[in-house]
Number of protein chains: 2
Amino acid sequence: MNWLLLCRMLGLLAMLVGGSMVFSLPWAFPEFGQTTEFEYRGFWGLISAIAVSLGVGGTLSFLGRKEHGTILRKEALAIVGLGWILAGLLGALPYLFSGTMRDAETPMSIPDAVFESVSGFTTTGASVLTELEDPAEIPRCIMFWRCFTNWLGGMGIIVLFVAILGQLGAAGKALMRREVPGPISESVRPRVREQAIVMWVIYVVLSAILVGILQLEGMSGVQKMDIYNSLCHTFATMATGGFSTLNGSVGGFNSPLIEYTIIVFMIAAGTNFTLFYLVTLHRRNPLYGEGWWGRFKPLFSDVEFRAYLTIIFVATIILTMDLLWIEHYQSVLDAFRNASFQVVSIMTTTGFGTDDFDRWSEFSKGLLLLLMFVGGCAGSTGGGLKVIRFVLFAKIMRLEIEQAFRPNVVRPLRIAGVTLDNSLRHDVLVYFCLILTIYIGSWMLLAAIETDDQWRDTTLTVEEMADEHRPHRAEKLLDCASAVAATLNNIGPGVGVVGPTENYAAFSGAGKLLLTVCMLLGRLELFAILVLFVPSFWKSH
Amino acid sequence: MNWLLLCRMLGLLAMLVGGSMVFSLPWAFPEFGQTTEFEYRGFWGLISAIAVSLGVGGTLSFLGRKEHGTILRKEALAIVGLGWILAGLLGALPYLFSGTMRDAETPMSIPDAVFESVSGFTTTGASVLTELEDPAEIPRCIMFWRCFTNWLGGMGIIVLFVAILGQLGAAGKALMRREVPGPISESVRPRVREQAIVMWVIYVVLSAILVGILQLEGMSGVQKMDIYNSLCHTFATMATGGFSTLNGSVGGFNSPLIEYTIIVFMIAAGTNFTLFYLVTLHRRNPLYGEGWWGRFKPLFSDVEFRAYLTIIFVATIILTMDLLWIEHYQSVLDAFRNASFQVVSIMTTTGFGTDDFDRWSEFSKGLLLLLMFVGGCAGSTGGGLKVIRFVLFAKIMRLEIEQAFRPNVVRPLRIAGVTLDNSLRHDVLVYFCLILTIYIGSWMLLAAIETDDQWRDTTLTVEEMADEHRPHRAEKLLDCASAVAATLNNIGPGVGVVGPTENYAAFSGAGKLLLTVCMLLGRLELFAILVLFVPSFWKSH
Ligand SMILES: [K+]
Ligand SMILES: [K+]
């Protein structure tokens with residue numbers, strides 16, 4: 001391991017994080033309309049956090065100033081893994097220094113702040129905060145920082161995968177390989193760095209468009225939708241982050257217009273950004289023909305994008321019918337609006353809410369729990385296992401069943417007419433198995449860390465309480481399962497105790513730390529974090 | 001597909017099943033001490049079932065009498081898949097014809113009877129019966145048939161895998177390949193049929209020994225342990241079936257002696273029977289040296305057997321400590337006895353109970369839920385995913401993580417010093433992924449089939465009932481998850497509504513059918529059942 005190189009790169013990152021905090025400062029002033037008086041705690045908290053970040057960054061950079069070696073695979077993995085951990089730690093400083101309150105009585109502890117910060121950067125959107133709308137508990141400038149971490153993380157992941165990992169394999173391997181299937185990819189791949197810049201531009205442009213639309217809708221009469229909320233909700237939408245400034249999340253605007261707007265942009269955020277590049281900036285492929293159809297053909301001929309839209313569509317229809325069936329809604333329109341919003345929000349791993357789906361039927365909850373694992377498309381800001389992996393997985397399973405009775409007929413794995421490498425087949429299976437192992441292991445660990453009493457006391461009947469050998473609430477297992485699923489897939493809200501109307505405050509410090517690790521594992525697609533625990537990884541070349 | 005050959009083989013099987021019902025007849029007579037008067041319904045129910053089975057078998061054999069072609073892979077798979085389904089259907093007839101009662105008011109429906117019968121043959125041991133000890137509801141001769149199906153299924157599976165599938169690959173492939181790792185296997189493999197006979201002998205001898213021991217313990221003072229109960233509990237133990245004749249399962253004897261005896265034999269039943277062959281009948285391998293140590297070395301040098309014992313040991317220690325911690329037991333001995341019994345019972349997929357573990361801590365329940373998936377050793381009568389697959393899985397995952405930062409160092413997969421084939425690596429991953437897919441799919445399907453009301457009504461508080469938008473009980477999801485896990489892994493009891501003190505009667509007919517399919521899928525290691533659903537499987541060569 002080239003430690004000096006590591007220091008130099010991490011130092012650079014620390015300074016970047018410190019610098020990005022500057023954008024949150026204006027909102028501490030009453031002039032910007034979010035607070036009636038100058039937010040003393042918030043402002044100086046941010047200033048201190050900036051100072052510490054720059055100090056740490058400067059020191060690290062100074063240590064590694066003489067090292068200009070090339071970044072090899074090991075160093076790249078270490079930079080990614082440690083970099084995200086460092087960003088998470090520095091990002092927690094504004095919460096701590098400003099004395100932000102978890103609820104009316106409790107200031108945020110160190111695990112709380114790290115949880116909230118990593119949740120922001122990983123675009124998970126899980127929160128320990130209770131009262132989002134009260135500036136006395138959470139200064140508005142700190143609130144802005146919280147949403148801004150979403151946006152930085154969303155952009156970070158794109159640049160990371162495309163620019164750094166794309167060249168180096170490993171963690172980015174499965175994701176980048178994904179481009180092989182399409183017949184259109186060859187022209188895109190060679191110039192990875194250029195592509196990263198283009199995708200960054202697309203991300204910024206889409207964000208700007210969404211801010212504009214939300215602003216317009218705000219001006220045309222939607223309460224609370226000012227520039228501050230436009231920005232914050234754009235950050236959370238485009239990053240599929242899900243941090244909102246309102247207690248009722250996007251439902252707090254109480255506006256179908258806003259909801260449908262955000263649905264569209266969530267779908268866009270969960271789409272492979274390469275496709276936008278192909279549709280807009282890339283020179284036309286003559287194969288696709290002329291006119292509008294020729295321009296959008298790359299989008300709708302993409303196997304993953306089609307599967308992604310199909311899953312959203314089918315799940316929405318099923319949920320709409322189920323909501324009408326259990327008479328949760330009387331009107332078809334209401335049912336459709338809420339079903340589609342929740343499906344898109346969960347599937348793209350954004351995690352916004354407009355209704356408490358913990359009150360929906362068990363089947364619906366189960367279906368949403370499954371959608372959590374599907375996630376967005378590869379190359380998007382969305383989390384989860386990614387749609388393309390499920391497409392490949394389904395094809396592999398079908399081939400395997402056929403092989404049981406036709407052992408000598410070995411069919412290749414094909415997508416859109418292109419034969420895929422056998423090692424990709426192996427990688428997909430390994431990824432599913434690893435995620436499963438980590439999911440189950442974390443679930444059990446969380447169930448062991450948290451005490452049963454926390455679940456037992458609040459929900460039992462008097463008779464059950466009196467029973468000495470009272471049954472434990474089975475919800476604990478389900479709640480832990482859903483908390484791990486929601487963090488590992490970078491979604492945010494789950495079902496049960498971490499449902500859309502609850503938060504993660506009730507978990508113990510150790511439990512929050514475990515969930516924080518899950519967020520990082522999910523965001524970096526496992527390997528960049530897992531290797532950090534392998535002793536031989538740290539040995540020198 | 002060679003249909004005539006299929007008919008001939010299935011006809012043979014039907015006659016075998018019909019013939020095996022004869023052994024249950026004696027217990028209908030008061031002379032055998034289980035009933036005070038002649039069990040009219042039970043006796044004639046069995047006679048009718050025998051008649052129908054022989055009739056069906058005779059007809060099928062007659063249809064295929066002229067066909068003497070060789071059994072190819074496709075036919076073998078079809079015989080296995082359809083054969084188990086046919087045995088399950090015929091085995092249900094005694095319950096139906098005797099008018100056996102599910103509870104005091106309800107006679108068994110067709111889905112009930114098929115569920116109970118398939119549960120017996122697949123050695124699952126899941127039951128829809130409520131009052132096991134009342135001859136008025138369940139004639140003793142029918143009760144004997146129920147336990148006997150366990151034993152037949154346990155033996156059937158060994159013979160099946162070794163004698164038929166071992167020669168043909170496919171479903172038996174992964175299991176038989178398992179023998180490659182050990183350096184001792186080469187001498188065992190070539191003569192598959194001989195080995196099948198030896199294993200059958202071992203099964204019978206071990207059963208006879210257990211009957212003898214239980215009889216002795218019965219004579220030395222254990223209540224209720226007569227020859228009938230010795231036989232029935234031996235059937236369920238050696239097959240890892242778990243059907244008991246007592247409402248309190250093995251706990252009903254209230255005897256530590258019986259419990260520890262059954263623990264030892266459950267462990268034996270979950271061990272690869274090839275190891276017994278090597279230890280007892282096989283000519284000595286000079287490699288292992290002389291004396292007792294030389295004789296038992298094959299057993300304790302087996303990687304899978306060592307992992308199997310280690311998991312049992314560690315899980316028992318953890319559960320013992322947890323039971324003392326939550327003060328469920330005051331005495332260390334009681335805690336150890338119940339922890340070890342439950343761990344061994346679940347891990348070997350027997351499913352006997354001595355305590356209601358639904359009252360243990362959530363963590364303990366979660367741990368037991370995980371052990372369900374581990375299961376016994378390959379080549380045993382136990383279900384689950386098998387220990388060897390987890391051993392291989394753990395090794396594969398470790399290699400994959402290392403590959404993330406050392407892509408050019410390709411290490412082979414080794415067990416006990418022997419390098420394994422790459423396709424085995426692939427097979428293990430495929431099996432995990434397939435089981436996972438089927439598990440989740442069945443879980444969701446079951447949650448969709450069963451109504452929420454069934455869970456809601458009985459357990460809510462008055463206030464919650466009054467709430468129009470009352471929350472649904474999250475237990476439904478967990479109960480469905482545990483029912484699918486318990487049937488897919490051939491265990492029997494799960495946690496929640498199907499916990500050790502409950503049964504499967506509450507599920508709907510469609511739900512029972514789904515769980516029946518899960519039992520078959522688990523027992524036949526997926527492929528022999530899955531191929532039946534592939535249209536091209538049925539096309540002619
Ligand atoms: K999210
Ligand atoms: K069983």
Side-chain angles (χ1 to χ4, degrees), chain A residues 73-74 77 169-171 173 326 328 358-363 365-367 369-370 393 396-397 400-402 404-407 425-426 429-430 432-434 436-437 440 443-444 447-448 452 455 461 469-480 495-496 526-528 530-531 533-534 536-537, chain B residues 73-74 77 169-171 173 326 328 358-363 365-367 369-370 393 396-397 400-407 425-426 429-430 432-434 436-437 440 443-444 447-448 452 455 461 469-480 495-496 527-528 530-531 533-534 536-537:
Chain A
R73 174 184 283 262
K74 260 185 164 185
L77 277 169
K173 195 170 57 171
I326 65 163
H328 189 81
D358 219 21
R359 287 167 169 270
W360 296 5
S361 78
E362 294 297 311
F363 170 70
K365 279 157 68 177
L367 192 67
L369 197 61
L370 285 196
F393 185 77
I396 294 171
M397 289 301 115
E400 288 295 332
I401 293 172
E402 198 192 344
F405 63 94
R406 285 204 190 114
R425 200 164 160 163
H426 183 69
L429 295 179
V430 166
F432 270 84
C433 289
L434 260 182
L436 177 71
T437 312
I440 290 176
W443 175 32
M444 279 297 104
D452 287 9
W455 273 264
T461 62
H469 290 287
R470 57 185 177 259
H472 303 278
R473 295 278 290 188
E475 268 92 354
K476 182 188 170 188
L477 282 183
L478 198 75
D479 286 350
C480 290
V495 293
L526 308 180
F527 291 100
L530 287 179
V531 293
F533 295 99
V534 181
S536 65
F537 176 70
Chain B
R73 174 184 285 261
K74 261 185 162 186
L77 277 169
K173 194 170 60 173
I326 65 162
H328 189 81
D358 219 21
R359 288 168 168 271
W360 296 5
S361 78
E362 293 298 310
F363 169 70
K365 280 157 68 177
L367 192 66
L369 198 61
L370 285 197
F393 185 77
I396 294 170
M397 290 300 115
E400 288 296 332
I401 293 171
E402 199 193 343
Q403 279 232 310
F405 61 94
R406 286 204 190 117
R425 199 163 160 163
H426 183 68
L429 295 179
V430 166
F432 270 84
C433 289
L434 260 182
L436 176 71
T437 312
I440 290 175
W443 176 32
M444 279 297 103
D452 287 10
W455 273 263
T461 62
H469 289 286
R470 55 183 178 261
H472 303 278
R473 295 277 291 187
E475 268 92 353
K476 182 188 171 189
L477 282 183
L478 198 74
D479 286 350
C480 289
V495 293
F527 291 99
L530 287 179
V531 293
F533 296 99
V534 181
S536 65
F537 176 70

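Naming: A, B, ... by sequence-line order, numbering from 1 per chain.
Residues passing the side-chain contact (heavy atoms from CB on, under 4.5 Å) test with Met444(B) are Leu370(A), Leu477(B), sequence neighbours excluded. Evaluation of the ring pair (Phe, Tyr, Trp, His ring centres under 6.0 Å) rule for Phe393(A) yields Phe432(A) as partners, not counting sequence neighbours.
Distance check, rounded to the nearest 0.5 Å: CD1 of Ile440(B) to CG of Leu436(A) gives 7.5 Å.
Annotation: maximal heavy-atom pairing with chain B below 4.5 Å, among Leu530(A), Leu367(A), Val430(A), occurs at Val430(A).
Across all non-hydrogen atoms, the minimal contact from Met397(B) to Leu434(A) is SD-CG, 3.4 Å.
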